[in-house]
Every structure is written in C-alpha cells, then in structure tokens.
Amino acid sequence: MKLFKMKFYKMRKLALRIPNKQFECVHKMIPVLKLTGVIFCVVLFLPYIITVFGRGIDEAEKLPVLTGPVITILTEKGTQTIPTDEYLCGLLAQYYDKGYTREELKALSIILRSNFLYNLEAGKNFYDIWSYQERREHWGQNFPNYEKEIRNIISETTGKILLENGKIEEITICDFSHDGKDCESILQTNYADYAIYQYF
C-alpha cells in the first residue's frame with residue numbers, strides 16, 4: 001500500500017510537468033494580464049493616492065468647529081439651520097481678501113455678528129452669504145488656509161457684539177482708522193458710542 005502511494009505521487013509529479021499545448025497560450029498571457037491589471041489599478045487609484053498623500057486628511061476635518069445659538073434662516077439654497085458663528089463665517093468671508101488686517105477682521109466679525117442679530121430681531125429672514133462650496137470655488141487652492149483663518153478669527157471673538165446704550169443697533173461698517181493694535185482698541189476708536197458685550 002505504501003509503495004503504491006509512493007508510485008502514484010511520482011506519477012502525479014511527472015504529469016504536472018508535462019506541458020499541455022492546449023493551454024500554452026494562456027500561460028503566456030498570464031504575465032501580460034498581471035501587468036495590465038497592475039497598470040489599470042495604478043491609473044484608477046493614482047488620483048486618489050496623490051490626493052490623500054499630498055493633502056493628507058481632508059481640510060474640512062482640520063477646520064475649527066464654530067458654535068453659538070442655532071438659528072434658522074432662509075438663503076438662496078433654501079432654509080438652513082446652523083450655529084450663529086457658522087453663518088457668520090459666510091459673511092466674514094466676503095471681506096477676507098479686501099486688505100483688512102487680522103485685528104480689523106476680528107473687529108469686523110463683532111460688527112457683523114451685531115448686525116446679524118439686529119436683523120434677526122427685526123424679523124429679516126433672508127440672508128446673502130457665501131456658502132461653504134462658494135468659498136471653495138472663489139478661493140481655489142487658497143481655500144484651506146483662508147477658511148481656517150476665518151474660523152480662527154471668529155472663534156477668538158465668539159459671542160461678542162456691540163451695544164449702543166445697552167441696545168443692539170444696526171452698525172455702519174466704516175474704513176478703520178486707529179492707533180491701537182488689537183480689535184478692542186480698533187472698536188473703541190471707531191465706535192466710541194458702543195460697548196463690547198458678551199452675548200453668548
């Protein structure tokens with residue numbers, strides 16, 4: 001029995017070595033098919049690989065999260081329910097590359113928040129803002145840096161508004177002229193009748 005098994009094993013090994021002419025063309029094609037598959041995979045996934053390794057984590061995952069009271073507003077895209085400061089991001093974005101310094105933009109974020117809350121209390125329900133997608137398209141390759149900076153500026157002034165005699169009023173945006181180097185001194189110089197108040 002043991003001898004029979006040994007002979008059978010040797011015969012099987014010999015049989016495997018016998019070339020089968022019927023499948024010769026298939027055997028020759030295997031390396032070509034493998035190479036074609038590799039090339040196909042590289043071409044298909046190369047843009048993704050470049051994006052992932054070139055950009056790393058998607059920029060949206062690295063952006064500061066903005067908060068504030070949740071509001072419901074009507075925009076060109078329809079009704080949106082978003083945090084106040086997330087909405088403010090779409091407002092401040094329109095002023096970002098207009099020559100303002102960082103501290104002026106911080107002062108501007110306080111003014112814009114004040115005006116927005118004033119309009120909200122007055123019953124205005126339609127607002128023209130730059131949406132997230134519009135900011136991406138407008139700024140192009142600068143979008144990740146610009147968006148992050150705007151969100152940081154708004155985060156640093158979170159909840160701050162200007163009040164006139166204890167009341168929230170509409171504020172005219174002026175050309176800043178100041179000697180101070182921080183947003184508080186900018187506001188005190190240009191809006192002497194107003195006081196900074198922590199709204200939320």
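The structure presented is a predicted model; accordingly, all values stated were derived computationally and were not measured.
Taken together through direct or relayed side-chain contacts under 4.5 Å among Ile, Leu, Val, Met, Phe, Trp and Tyr, Tyr197 and Ile186 form part of one hydrophobic cluster.
Atom OH in Tyr96 sits 8.5 Å away from atom CZ in Arg102 (nearest 0.5 Å). Put simply, CG on Leu162 and CD on Gln188 are 10.5 Å apart, with the number rounded to the nearest 0.5 Å. The structure places OH of Tyr146 at 14.5 Å from CZ of Arg135, a figure rounded to the nearest 0.5 Å. Taken from CD1 in Ile154 to CG in Leu88, the straight-line distance is 4.0 Å, to the nearest 0.5 Å.
The shortest distance between side-chain heavy atoms of Ile171 and Glu164 does not fall below 4.5 Å.
Closest heavy-atom contact between Cys183 and Ala107: CB-N, 3.7 Å. Considering all non-hydrogen atoms of both residues, Trp139 and Glu147 come closest at CZ3-OE1, 3.6 Å. Among all heavy-atom pairs drawn from Arg151 and Cys89, the shortest one is CG-SG, 3.9 Å. Considering all non-hydrogen atoms of both residues, Tyr191 and Ile173 come closest at OH-CA, 3.6 Å. Leu105 approaches Leu92 most closely through the heavy-atom pair O-CD1, 3.9 Å.
Using a 30° and 60° split on the angle between ring planes, Tyr100 and Tyr95 fall in the perpendicular class, above 60°.
With salt bridges taken as basic N to acidic carboxylate O contacts below 4.0 Å, one links Glu103 and Lys106. Checked for salt-bridge contact, Glu121 and Lys167 miss the test: no charged N lies under 4.0 Å from a carboxylate O.
More than 12 heavy atoms of other residues, nucleotides or ligands lie within 6.0 Å of CD in Gln133, so this atom counts as buried by the packing criterion.
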